[in-house]
Amino acid sequence: MIVRRGIAVSPGVAIGPALILGVEDFRIPRQFVKKDAVETEVARFQAALATTCEEIAENERLAAQQLGAQYAAIFNAHLQMIRDPNLVEEIQGLIRDKHHSSEAASSKILRRYAKVFQNLGNEYFAERAADIFDIEKRLLRHLLGKKREAIADLTEPVLVLAANLTPSETAGLNREFVRGFATETGGHTSHTAILAGALEIPAIVGVGPFLSDINGGETIIIDGNSGEIVIAPDEPTLARYRNSEKEFKSHAAKLESLHTLDAVTADGVRIQLFGNIEFPEEVAHCLERGADGVGLYRTEFLYLGRETEPDEEAQFEAYSRVISSMQERPVVIRTLDLGADKLPGASTRSGMESHNPMLGLRSIRVSLQNLPLFKTQLRAILRASVHGNVRIMFPLVSSLMELRQAKMIVSDVVEDLEEAGIPYARKVPIGMMVEVPSAALLAEEFAREVDFFSIGTNDLIQYTLAVDRGDPAVAKLYSSGDPALLRLIAHVIDAARKYDIPVSVCGQMSSDPKFTALLLGMGLRALSVTPHAIPEIKQAIRALKIPQAEEIAARASTLEVSRDIENYLRGELKKTCPELVH
Ligand code: PEP
Ligand code: MG
């Protein structure tokens with residue numbers, strides 16, 4: 001039995017067989033073919049080779065266009081390697097003479113070449129070996145006719161283990177059979193972690209290297225409450241975890257009974273408690289827990305986990321579904337926050353990732369550089385707005401120019417709809433995420449030009465503290481209790497108050513009951529949280545009085561380091577709601 005520990009990102013306990021991604025998908029099913037099938041096999045190899053070359057050539061074209069000639073050269077080198085007549089002849093020779101299957105022959109020859117490079121013992125050649133492994137992967141993918149996302153084809157429950165799951169892969173997980181997952185990389189507020197919460201399955205990220213300890217198929221335990229992963233547990237351990245699985249379910253059931261009660265403090269102040277959603281189906285998770293609306297709809301997930309862009313009708317349909325089901329409760333639709341780690345399926349495979357993606361072309365920057373994409377989304381949102389109470393929110397706004405440009409595009413779309421006589425709601429409020437320090441510092445200027453703010457602490461923390469939210473190596477430095485962050489939040493709240501616009505927090509910080517008193521004490525009266533956290537946050541709100549929350553916030557503001565602030569807040573939560581201290 002081996003026990004490893006990572007970052008717990010979605011609660012609950014899952015027990016089941018391990019499925020390792022990245023090994024399973026390229027398993028070679030047949031080593032040999034019959035003698036009379038060799039020519040068919042050679043033809044199969046040639047077809048896969050042709051498709052692989054086309055794919056690499058397309059990557060070369062895209063790289064040249066978007067990144068420049070030096071990046072395109074990488075793909076050109078791949079093309080030259082794979083088209084090398086000696087290499088192709090050797091693979092075909094193994095199929096013809098030794099009756100190897102195309103997969104076995106390709107893998108054997110390519111790995112032999114890679115080994116030669118590896119043994120030359122210099123960094124340059126070691127990288128060429130990595131190039132050959134990359135080519136092998138592509139070729140096998142075409143020969144086997146499946147992609148990594150093919151885990152959508154599962155037929156029985158599994159716990160997925162992977163070095164990394166991209167947000168699009170996570171979005172594509174088969175929810176019926178994937179009962180939990182654990183990854184070697186990732187941080188507390190990485191999008192993969194947030195998605196695990198949306199899927200409502202136990203998950204752990206940032207475990208560090210552990211896949212080499214596992215063969216696949218053995219029983220494992222993922223404890224999304226403590227962050228523990230147990231490989232090949234013994235009987236007493238299994239019994240203990242089965243018990244804690246039961247306890248977790250009964251604790252959750254008890255909290256669910258709060259759904260009919262309002263989020264109101266013990267001294268009668270009503271707090272708006274909204275849900276954050278990624279998929280339209282999550283509206284049900286919000287409603288069954290008594291949410292006051294949707295405070296953040298991450299629409300980019302419509303794009304992730306699929307090959308083609310959703311057109312205006314597909315978006316209209318998704319937005320209308322969410323808006324109508326919320327029956328006049330507010331729905332804050334955030335425009336596309338693509339880029340960084342949230343790349344649609346096609347671009348993750350094209351090698352198009354930016355060198356420094358968190359500071360690159362992401363979010364509102366993508367929309368403003370691609371106006372047809374942006375306008376299509378705005379048309380769909382505005383058309384759907386007739387079904388209920390909609391608000392539009394822009395992500396990652398970092399300058400007033402950007403905000404003004406985005407608002408101008410909304411006016412253009414409104415004009416188009418007006419001219420075409422297409423119905424839309426007349427007064428849709430327009431707000432912005434405050435998730436870049438520049439926006440927080442200029443909050444007063446922004447407050448004069450928007451209808452509401454929503455503070456995105458997930459990004460605000462990473463940009464304020466220069467800590468990648470998805471990197472486990474710096475996870476200890478990533479803290480919602482950092483005094484610098486608290487000062488920025490206080491400044492944003494003051495600006496909102498001065499210009500009388502609503503302000504909420506929709507980052508993961510608001511889903512942690514440890515921060516509820518602090519946020520209310522700082523003056524917030526609206527929080528948007530992961531749907532499964534609604535009952536806990538409601539309980540924390542109902543146990544508090546505002547003057548007491550204000551005292552807690554005042555005391556926290558005198559502390560100088562995040563660890564002291566977090567410890568202090570944990571201690572205060574222990575006094576009011578001991579059962580919520582994990
Ligand atoms: C945030 O950054 O806090 C936020 C809510 O946006 P996302 O997590 O989607 O980046
Ligand atoms: Mg963000």
Side-chain angles (χ1 to χ4, degrees), residues 1-10 12-29 103 107 111 114-115 118 126 129-130 132-134 136-138 140-141 144 146-154 156-174 177-188 190-193 195-196 199 201-224 226-234 237-238 241 341 348-349 353 468 470-475:
M1 179 170 98
I2 302 172
V3 181
R4 302 295 305 270
R5 186 176 277 277
I7 305 167
V9 290
S10 183
V13 177
I15 303 174
L19 173 77
I20 306 176
L21 272 192
V23 174
E24 215 83 357
D25 47 347
F26 291 123
R27 200 172 44 198
I28 294 174
E103 292 89 350
S107 195
R111 280 175 181 244
K115 236 192 176 90
Q118 268 173 338
I132 295 178
F133 286 127
D134 194 50
E136 181 202 9
K137 250 192 202 166
R138 283 182 194 274
L140 287 180
R141 195 191 296 139
L144 293 167
K146 58 180 179 181
K147 303 173 199 134
R148 200 171 179 219
E149 293 93 310
I151 46 167
D153 306 334
L154 294 171
E156 53 189 52
V158 288
L159 305 193
V160 168
L161 310 177
N164 181 28
L165 278 177
T166 65
S168 20
E169 284 168 338
T170 315
L173 287 179
N174 177 322
F177 294 115
V178 177
R179 298 288 162 82
F181 73 76
T183 58
E184 293 186 332
T185 63
H188 190 66
S190 56
H191 288 105
T192 301
L195 270 174
L199 299 174
I201 53 179
I204 304 173
V205 301
V207 183
F210 75 106
L211 292 178
S212 51
D213 296 336
I214 304 172
N215 300 316
E218 61 265 69
T219 298
I220 54 164
I221 300 170
I222 290 178
D223 182 348
S226 70
E228 264 176 3
I229 166 162
V230 188
I231 301 151
D234 55 25
T237 307
L238 263 178
Y241 273 98
D341 58 337
T348 41
R349 285 193 302 279
E353 296 92 6
D468 184 333
D471 185 348
V474 287

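Here, residue 1 is the first one in the sequence, and each next residue gets the next number.
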Engineer: So, does Thr185 use its side chain to make a donor-acceptor pair with the main chain of Ala163 at under 3.5 Å?
Structural biologist: yes

Engineer: Got a second to check how far Ile229's CD1 is from Arg5's CZ, nearest 0.5 Å?
Structural biologist: 12.0 Å

Engineer: Taking the side chain as C-beta and beyond, is there a heavy-atom pair between Thr219 and Pro233 under 4.5 Å?
Structural biologist: yes

Engineer: Could you state the interatomic distance from CG (Leu159) to CZ (Phe181), rounded to the nearest 0.5 Å?
Structural biologist: 11.5 Å

Engineer: Working to the nearest 0.5 angstrom, can you tell me the gap between Arg4 CZ and Ile220 CD1?
Structural biologist: 12.5 Å

Engineer: Between CG of Leu161 and CG of Leu19, what distance do you get to the nearest 0.5 Å?
Structural biologist: 7.5 Å

Engineer: Nearest 0.5 Å, please: how far is CZ in Arg179 from CD in Glu156?
Structural biologist: 10.5 Å

Engineer: Indicate the atoms forming the closest heavy-atom contact of Ala475 with Ile7, along with that distance.
Structural biologist: CB-CD1, 3.8 Å

Engineer: Mind listing the closest non-hydrogen atom pair of Gly12 and Pro202 along with its distance?
Structural biologist: O-CB, 3.3 Å

Engineer: Where is the tightest heavy-atom contact between Thr183 and Phe210, given as atom of each residue plus distance?
Structural biologist: C-CE2, 4.1 Å

Engineer: Measuring only between side-chain heavy atoms, which start at C-beta, is Ile221 closer than 4.5 Å to Glu228?
Structural biologist: no

Engineer: Could you report the tightest heavy-atom contact between Gly187 and Ala193, atom names first, then the distance?
Structural biologist: O-CB, 3.6 Å

Engineer: Rounded to the nearest 0.5 Å, what separates atom CG in Leu211 from atom CD in Glu184?
Structural biologist: 4.0 Å

Engineer: Measure across Ser226 and Ala8 and return the closest heavy-atom pair with its distance rounded to 0.1 Å.
Structural biologist: C-CB, 4.1 Å

Engineer: Could you pull out the closest heavy-atom pair between Ser10 and Ala196, with the gap in Å?
Structural biologist: OG-O, 3.4 Å

